[in-house]
Amino acid sequence: MLKPEEIKQTQAWKAMGLKDEEYQRICEILGRLPNYTELGMYAVLWSEHCSYKHSRPLFKYFPTKGPRILVGPGENAGAVDIGDGLAIVMKVESHNHPSAVEPYQGAATGVGGILRDIFTMGARPIANLNSLRFGNPQDEHVRRLVRGVVAGIGDYGNCTGVPTVAGEVGFADCYSGNCLVNAMSVGLAPHELITQAVADGVGNPVMVVGSTTGRDGIHGATFASAELSEENEEKRPSVQVGDPFTEKLLIEACLELIQSGVVVGIQDMGAAGLTSSSAEMAGKAGCGIEMDLTLVPQRETGMNSYEIMLSESQERMLVVPKAGTEEQVKAIFAKWGLHAVVVGRVTGDGMLRIFHHGQLAAEVPAKSLSTDGAPAYVPPAEKPAYLDELWQYDFQQLPDLELEEIQEAFWQLLTSPNIVSRRWVWEQYDHHVQLGTLVGPGSDAAVLRLPGTKRGIALTIDCNSRYCYQNPRVGAALAVAEAARNIYAGGGEPVAITDGLNLGNPEKPDIYWQLRETVLGIAEACEALGTPITSGNVSLYNETEGQAIYPTPIIGMLGVLEDAQKHATIAFKNAGDLILLVGELGEELSGSEYLEVRRQLIAGPGPKLDLAAEKRHGEFCRTAIAQGLVNSCHDISDGGLAVALAECAMAGRIGAQVRLHSSKRRDGLLFGESQARYVLSLSEEDYEAVRDLAVEHGVPISLLGRVGGAEFAVELGENRVIEADLQKMLELWNTGLERLLGEK
């Protein structure tokens with residue numbers, strides 16, 4: 001271990017990711033030079049991944065309160081009142097950098113970590129979701145990443161018995177060197193069992209429970225707070241190794257412990273391990289913690305204090321129970337075959353004091369390690385130069401599709417990487433375990449029934465990152481709007497979100513501008529749609545060799561259904577049903593999949609945003625579903641109207657005939673991505689009631705055609721421009737991703 005004077009000579013803080021001024025601040029806080037263990041503790045907790053030092057000043061713009069919000073940002077996860085004394089606990093987290101260097105374990109431990117955030121709150125995990133981004137799927141390196149990430153997510157979730165019910169996968173060249181793996185978990189708890197992460201009560205014991213501590217994951221938080229480079233192959237030790245079977249035992253043991261009533265506080269040992277859990281719990285309570293690391297169960301010999309404090313070994317928790325209940329805690333964990341060891345106690349002096357083999361290994365103020373004690377930065381912001389060129393593009397110079405080109409363009413879109421079915425992915429996930437899933441992957445939103453009540457919840461996770469690249473503020477707001485559309489289309493009322501902000505290096509003025517605009521866009525949309533932010537995650541420095549990813553604000557949204565049976569899916573169901581469009585026909589091409597796939601062009605400011613229309617149109621659809629007036633509902637997004645109609649037909653395995661009368665551009669009419677729109681199908685006898693409801697809500701609707709037959713056909717005026725056999729569509733669409741990935 002280095003001596004203090006050696007630290008100063010070697011400037012070890014730089015290797016740990018600290019700035020010179022941050023090192024000086026640490027010295028001022030301590031009134032002396034830090035030792036190596038203390039320096040490592042500050043380095044991980046003052047990293048971007050843990051302290052949010054570039055994004056934290058922007059959080060003031062987020063709406064975080066509402067009548068349903070029980071616990072907002074700042075805890076392990078957010079908690080939302082859904083009625084009947086029940087709460088939904090939810091959060092999204094990223095595991096991007098670990099997944100880039102070790103895709104299987106990186107993704108698996110991402111799932112494990114977010115699950116622990118949920119049951120730490122006293123909630124039983126009932127659903128997992130994920131949002132993934134990769135480079136070109138025909139690149140062999142990208143294929144390896146996709147295979148590893150999907151396998152890691154599936155294996156960990158399946159083994160813990162938590163269904164993976166929804167998700168999204170996107171492809172773009174900017175993610176080739178830096179994939180994104182965002183995992184979301186959702187839990188259910190009675191209000192009275194919601195537990196927080198505080199180390200309160202002087203004299204209360206501090207216990208390490210769960211698995212043993214090893215050397216895996218050391219400095220994983222600082223690894224996640226730097227740009228990726230060729231050196232990452234040497235950083236595999238920073239990737240944790242998960243054990244989902246131990247996690248399942250830990251879920252049951254922790255929930256039993258919380259139900260016993262002896263827990264004062266409990267915290268997952270996530271990023272920064274024992275350092276973060278102890279510092280955060282003590283900091284929140286305004287107390288201190290004293291620990292003897294010699295007592296921590298270890299799986300490797302010769303570990304020093306630095307390694308034990310910074311290890312990110314998985315499936316571990318820090319528990320503060322009431323004094324005198326230590327044996328009860330041990331008995332509960334022994335029942336599940338897990339360790340539960342007293343390693344220290346709560347003190348009243350606010351210090352985090354660490355001993356190892358009888359020696360004082362670290363002594364620092366707990367609050368100085370917490371998020372509030374970390375430095376915060378507001379760097380210069382500058383609008384990226386590329387936006388002016390994008391926004392000035394003249395779409396009048398773009399040639400429209402000829403009638404005879406439309407069929408080819410349709411097939412091109414239907415089999416493109418960002419539209420083709422994700423069946424190959426979600427078939428590797430168990431989405432029916434726990435028997436609560438009413439609507440699983442493949443629809444706009446997952447719908448789950450809740451045990452002991454007729455209520456249900458709708459869940460989705462969304463973002464169109466191309467929109468965010470073209471206009472970060474509007475694109476981020478549209479991500480919230482799209483999530484709300486998916487909830488509405490499932491029959492739910494959108495009530496809250498959890499977000500994951502994935503961007504490049506915030507120390508660059510153009511990236512910080514993107515970050516600020518992204519936050520403002522999310523805030524605006526959440527205010528307008530009544531969906532406060534309960535929790536979230538920020539992942540910055542997503543760059544490879546200086547090339548940043550698109551701004552990718554992932555939106556996980558919760559919706560509530562008063563009656564879970566009154567939900568909708570995207571599938572056309574009955575021959576003879578009418579097909580309606582909710583919203584305007586539209587013809588916006590900016591930001592569309594069509595423009596990039598067919599014309600190899602990204603241009604314009606992206607689709608227009610109308611949040612008032614989003615709410616009005618969504619509420620109309622939700623009401624129509626609740627009243628039993630519609631047989632299917634699907635929002636129009638990637639690929640536009642033609643692709644949305646085709647998806648409804650394929651989901652229902654029944655054809656459809658559509659006729660459009662419009663003087664708009666053919667390409668924009670069929671494949672444009674104007675927002676706030678849905679496709680409905682309904683029985684003819686319900687048309688009048690739906691029309692009256694639309695008038696009541698001030699929503700434009702138009703008749704498009706009918707369900708039925710064995711083919712999907714679209715006419716423009718008197719010209720049949722798309723004519724496709726349903727079975728051929730299904731074959732190409734369902735197996736398209738496998739072909740792109742070389743799996744078929």
Side-chain angles (χ1 to χ4, degrees), residues 103 107 111 127-134 136-138 142-158 162-171 179 181-184 410-433 437-448 459-462 486 489-490 568-573 593 597 632 634-635 637-639 642-656 712 724-744:
V111 175
N128 288 333
L129 301 87
N130 55 78
S131 175
L132 313 176
R133 294 291 185 279
F134 301 100
N136 188 331
Q138 295 182 309
V142 171
R143 290 174 171 180
R144 183 183 70 83
L145 291 177
V146 175
R147 295 184 195 113
V149 165
V150 171
I153 290 171
D155 287 356
Y156 205 100
N158 296 349
V162 181
T164 301
V165 298
E168 59 157 15
V169 186
F171 298 94
C179 63
V181 177
N182 285 250
M184 176 179 170
F410 170 73
W411 287 117
Q412 195 173 1
L413 277 172
L414 203 64
T415 56
S416 69
N418 286 321
I419 290 179
V420 73
S421 172
R422 271 59 180 139
R423 180 180 293 271
W424 176 84
V425 173
W426 55 256
E427 280 188 339
Q428 300 182 54
Y429 306 151
D430 187 338
H431 47 274
H432 285 299
V433 66
T437 307
L438 295 174
V439 180
S443 207
D444 287 325
V447 178
L448 281 70
L459 300 168
T460 188
I461 189 164
D462 296 286
N486 285 330
T569 68
I570 74 172
F572 288 156
K573 296 178 177 63
E593 187 75 9
V597 169
S632 72
H634 184 24
D635 86 303
S637 56
D638 298 348
V643 168
L645 289 164
E647 288 171 341
C648 295
M650 289 187 293
R653 295 182 177 271
I654 188 170
F712 175 71
D725 177 76
L726 188 63
Q727 290 306 313
K728 179 183 176 183
M729 288 169 58
L730 281 165
E731 169 63 21
L732 290 175
W733 191 65
N734 280 330
T735 61
L737 189 56
E738 295 170 73
R739 289 194 304 276
L740 287 167
L741 294 171
E743 296 289 313
K744 188 177 179 68

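Residues take their numbers from the sequence shown, with the count starting at 1. Here the structure is a predicted model, which is why all the values come from computation and not from measurement.
- In this structure, Arg133 pairs ionically with Glu168, as a charged nitrogen and a carboxylate oxygen lie closer than 4.0 Å.
- A donor atom on one side chain and an acceptor atom on the other are not found under 3.5 Å apart for Asn418 and Ser416.
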inquiry  = Evaluate Leu459 against Leu448 for side chain to side chain contact (heavy atoms under 4.5 Å, CB included), listing each step before the verdict.
reply    = CA-CA 8 Å; Leu459 300 168; Leu448 281 70; 4.2 Å; yes
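- Contact detail for Val433 and Val162: the closest heavy-atom pair is CG1-C, 3.7 Å.
- The six-membered or imidazole ring of Tyr156 lies away from that of Tyr429, with a centre-to-centre distance of 6.0 Å or more.
- To the nearest 0.5 Å, the span separating CZ on Arg739 from CH2 on Trp424 amounts to 14.0 Å.
- Contact record, Ala107 with Val149: CB-O, 3.5 Å, taken as the closest heavy-atom pair.
- Here the closest non-hydrogen pair linking Asn128 and Gly157 is ND2-CA, 4.2 Å.
- Between Glu743 and Arg147, at least one side-chain nitrogen of the basic residue sits less than 4.0 Å from a carboxylate oxygen of the acidic one, meeting the salt-bridge criterion.
- The two atoms that bring Ala166 and Ala446 nearest to each other are CB-CB, 4.1 Å, heavy atoms only.
- Taking CE of Met184 as the start and CD1 of Ile461 as the end, the distance is 6.0 Å to the nearest 0.5 Å.
- No side-chain donor-acceptor contact under 3.5 Å links Thr437 to the backbone of Val439.
- At least one donor-acceptor pair under 3.5 Å links the side chain of Asn158 to the backbone N or O of Gln428.
- Glu647 CD to Ser632 OG: the interatomic distance, rounded to the nearest 0.5 Å, is 12.0 Å.
- Minimum interatomic distance between Ser421 and Asn734 (heavy atoms only, all atoms of both residues): OG-OD1, 3.7 Å.
- Atom-to-atom distance recorded for Ile570:CD1 and Cys648:SG is 5.5 Å, nearest 0.5 angstrom.
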query = Given the rule in the side chain to side chain contact (heavy atoms under 4.5 Å, CB included) test, do Arg143 and Gln138 qualify, once you have shown the distances and angles that lead to the verdict?
reply = CA-CA 7 Å; Arg143 290 174 171 180; Gln138 295 182 309; 4.3 Å; yes
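- A donor atom on one side chain and an acceptor atom on the other are not found under 3.5 Å apart for Asn182 and Asn130.
- Nearest heavy-atom pair across Phe134 and Cys179 is CD2-CB, 3.8 Å.
- Looking at Arg422, its side chain does come within 3.5 Å of a backbone N or O of Val169 through a donor-acceptor pair.
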inquiry  = Is there a side chain to side chain contact (heavy atoms under 4.5 Å, CB included) between Thr460 and Asp444? Walk through the geometry before answering.
reply    = CA-CA 7 Å; Thr460 188; Asp444 287 325; over 6 Å; no
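- The closest side-chain heavy-atom distance from Leu129 to Thr164 is not below 4.5 Å.
- With hydrogens and angles disregarded, no donor-acceptor distance shorter than 3.5 Å links the side chain of Asn136 to the backbone of Phe171.
- In this structure, Lys728 is positioned above the aromatic face of Trp411, its NZ or CZ under 6.0 Å from the six-membered ring centre and within 45° of the axis.
- The backbone N or O of Leu726 sits nowhere less than 3.5 Å from a side-chain atom of Arg653 that would complete a donor-acceptor pair.
- Atom CZ of Phe572 and atom CD1 of Ile654 lie 9.5 Å apart (nearest 0.5 Å).
- Put simply, the side chain of Leu132 reaches to within 4.5 Å of the side chain of Ile153, judged on heavy atoms.
- If you take CE on Met650 and CZ on Phe712, they are separated by 8.5 Å, rounding to the nearest 0.5 Å.
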